[in-house]
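Everything below concerns the one structure shown next.
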Amino acid sequence: MTSEGADASRDDQPDSALAIAAAVRSGERTAASVVEVSLGAIAARDPELHAFLHVASDHARAAAAAIDETVRAGRDPGPLAGVPVALKDNLCTRGVPTTCASKILEGWRPPYDATVVTRLQDAGAVVVGKTNLDEFAMGSSTENSCKGPTRHPMDPTRVPGGSSGGSAAAVAAGLVPLGLGSDTGGSVRQPAALCGVVGVKPTYGVVSRYGLVAFASSLDQIGPLARSVADAAVLFEVIAGHDPLDSTSLDEPVPRVTRVLEAGVEGLRVGVCNELVEGTSPDVARRVREAAEDLAKAGALVEEVSVPEMRFGLSAYYLIAPAEASSNLARYDGVRYGLRVDAPDVAAMNTATRTAGFGAEVKRRIMLGTYALSAGYYDAYYAKAQRVRTLLIRAFERAYERLDVLLGATSPTTAFEIGERVVDPLAMYMSDVCTIPSNLSGHPAMSVPFGTGEDGLPVGVQVLAPALHEEPMFQVAAALERAAAARAAAVPGGEGRR
Ligand code: GLN
């Protein structure tokens, strides 16, 4: 747990976002000094980790200077005053390279900011750089990056998870207090679990996707990565809310998650979901059971539930997501963005550009998706997957008639070795078996660190909730964070590897 309050530097933990914002707003610290600490940490540690694809030092220093000027003028820069933030490199940043870790976008500088970027800036946050990911967010380990993998901060032979592995590693290593990722099938929650940080996938439509480079538009959501539930809550409130620039954005009040963190879980109905425990490794399953016990001790009404339809989630996802990707990625044609490989005619130029520009996993998804959507196969694959999606949504609805939240594992295992799953795409796809159901249903879900596995590496417990019910979700997450801290304090060395 990060310590709160303006004097968080009293221990060796990096400062929380809340502590930094409080200190900058009060004039006790300058945003300029905070940003130098972050840039210094990146310079020292990132050559080993490779969490960043681009460090925007000049932009960050200029933004910090403007915030300090605001404070000096007696105005409030906002709830994230001076807080350094790392952005997954599929979020558009005006004038700053946005590559999606793909050769096909090499050299592209977006002419506009994503809505989340504008909201961060309006809240006083300082964007320090763009982080590594699996190409176009397709993957679970950050190994599918055209720039090479990111390494796990606690063990350089392991992956940080993915596809938002760069943001998760940057936050876990203390290079920045906050990061943003995108979650189409688990890409915020799974790396959060593997790196031992908090990761949130909001309800579909709560955070604007304007300026998020599209992977699978009916599933994509942007979400926070942070070292504490409280920091994640502030970031969530800053980026959430209706945006007329995104036609799928919900015009609903933003769930006030920062208000519920101390509310406790007395009387909340928690369902431990069999499908999210069975099939996970024994040490992960044990942590989920301990988490459930701790919630029961804190007054929650805990029961076991089964949502069998979840078992079909992975199969439906690997038809729907590639189908949408094959359509979304048609825009990279050598004309509009980045890379162009010249050839005698336009069709040959398109082919040469796409052949050279896309990596193997992206090509695999485009082929799978094109196949699933083609005449003669559409009904058997794509349409069937959509029907499975509807069945899953109804199954969730039934479960939530008597439960406030569901509980399960985030990832079936702790961080795996670099290279281990690259040769076996199905083994890689299985990494998201516990996270995908919430993307298909559009519901919110988040991962909270809860102890370690047998290897001493972090385990994440996942809290799932109905649409727009981020409040009970954060309430339970905060209780789990307290319970995990109590358990770690009770066991000497119980916090695992450092
Ligand atoms: N790992 C999953 C995939 O490869 C999820 C990716 C994501 O959420 N962006 O599709």
Side-chain angles (χ1 to χ4, degrees), residues 87-91 100-102 131-145 149-150 159-168 179-195 199-202 204 207 209 212-225 313-329 358-369 372 385 389 410-413 415-416 420-422 424-447 460 462:
L87 302 176
K88 186 177 185 176
D89 201 25
N90 60 353
L91 293 164
C100 294
S102 180
T131 56
N132 203 7
L133 66 154
D134 290 294
E135 185 177 2
F136 284 104
M138 296 175 190
S140 309
S141 67
T142 317
E143 290 165 290
N144 294 339
S145 164
T150 295
V159 302
S163 63
S164 313
S167 285
L180 283 184
S182 63
D183 191 313
T184 303
S187 281
V188 168
R189 290 163 287 160
Q190 185 260 15
L194 269 45
C195 287
V200 185
K201 186 201 84 78
Y204 184 79
V207 176
R209 292 183 299 111
L212 166 66
V213 178
F215 163 10
S217 308
S218 77
L219 302 159
D220 299 340
Q221 263 295 284
I222 298 167
L225 289 145
L314 195 74
S315 312
Y317 173 88
Y318 275 100
L319 290 165
I320 294 169
E324 295 183 16
S326 72
S327 165
N328 275 325
L329 272 60
F358 289 137
E361 183 61 25
V362 173
K363 286 176 182 157
R364 182 180 293 128
R365 305 279 178 116
I366 292 172
M367 286 189 282
L368 275 172
R389 185 174 190 175
T410 306
S411 159
T413 65
F416 43 94
E420 190 184 315
R421 297 189 191 171
V422 171
D424 185 352
L426 284 184
M428 189 71 89
Y429 294 176
M430 285 301 289
S431 310
D432 302 298
V433 67
C434 300
T435 45
I436 277 172
S438 306
N439 297 87
L440 289 169
S441 67
H443 293 155
M446 69 191 282
S447 183
Q462 193 183 188

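When a ligand or atom number is given, it counts from 1 through the structure's own listing order. Everything numeric in this text was worked out from a predicted model, so none of it was measured.
- Under 4.0 Å from ligand 1, the heavy atoms of Tyr318 that appear belong solely to its side chain.
- Taking atom 5 (C) of ligand 1 as the reference point, the nearest protein heavy-atom neighbour is Tyr317 OH, 3.3 Å.
- Looking at Tyr429 against ligand 1, nothing comes within 4.0 Å, counting heavy atoms.
- Close to ligand 1: Gly186, with a non-hydrogen atom less than 4.0 angstrom away.
- Between Glu324 atom CD and Ser218 atom OG the span is 3.5 Å, to the nearest 0.5 Å.
- Interatomic distance, CD of Glu135 versus CG of Asp89, reported as 12.0 Å (0.5 Å rounding).
- In this structure, the side chain of Gln190 does not engage the main chain of Thr435 through any donor-acceptor pair within 3.5 Å.
- Within the 4.0 Å heavy-atom criterion, the part of Arg365 lying near ligand 1 is the side chain and not the backbone.
- Where the criterion is an N or O separation shorter than 3.5 Å, residue side chain and backbone included, Gly139 meets it with respect to ligand 1.
- The CG atom of Asp432 sits 8.5 Å away from atom CG of Asn439, with the distance rounded to the nearest 0.5 Å.
- Lys201 places no side-chain N or O within 3.5 Å of a backbone atom of Asp220 that could act as its donor or acceptor partner.
- In this structure a side-chain-to-backbone donor-acceptor pair under 3.5 Å is missing from Arg189 to Ser447.
- Residue, atom and distance of the protein heavy atom nearest to atom 6 (C) of ligand 1 are Ser187 OG, 2.8 Å.
- The single protein non-hydrogen atom nearest to atom 1 (N) of ligand 1 is Asp432 OD2, 2.6 Å, given as residue, atom name and distance.
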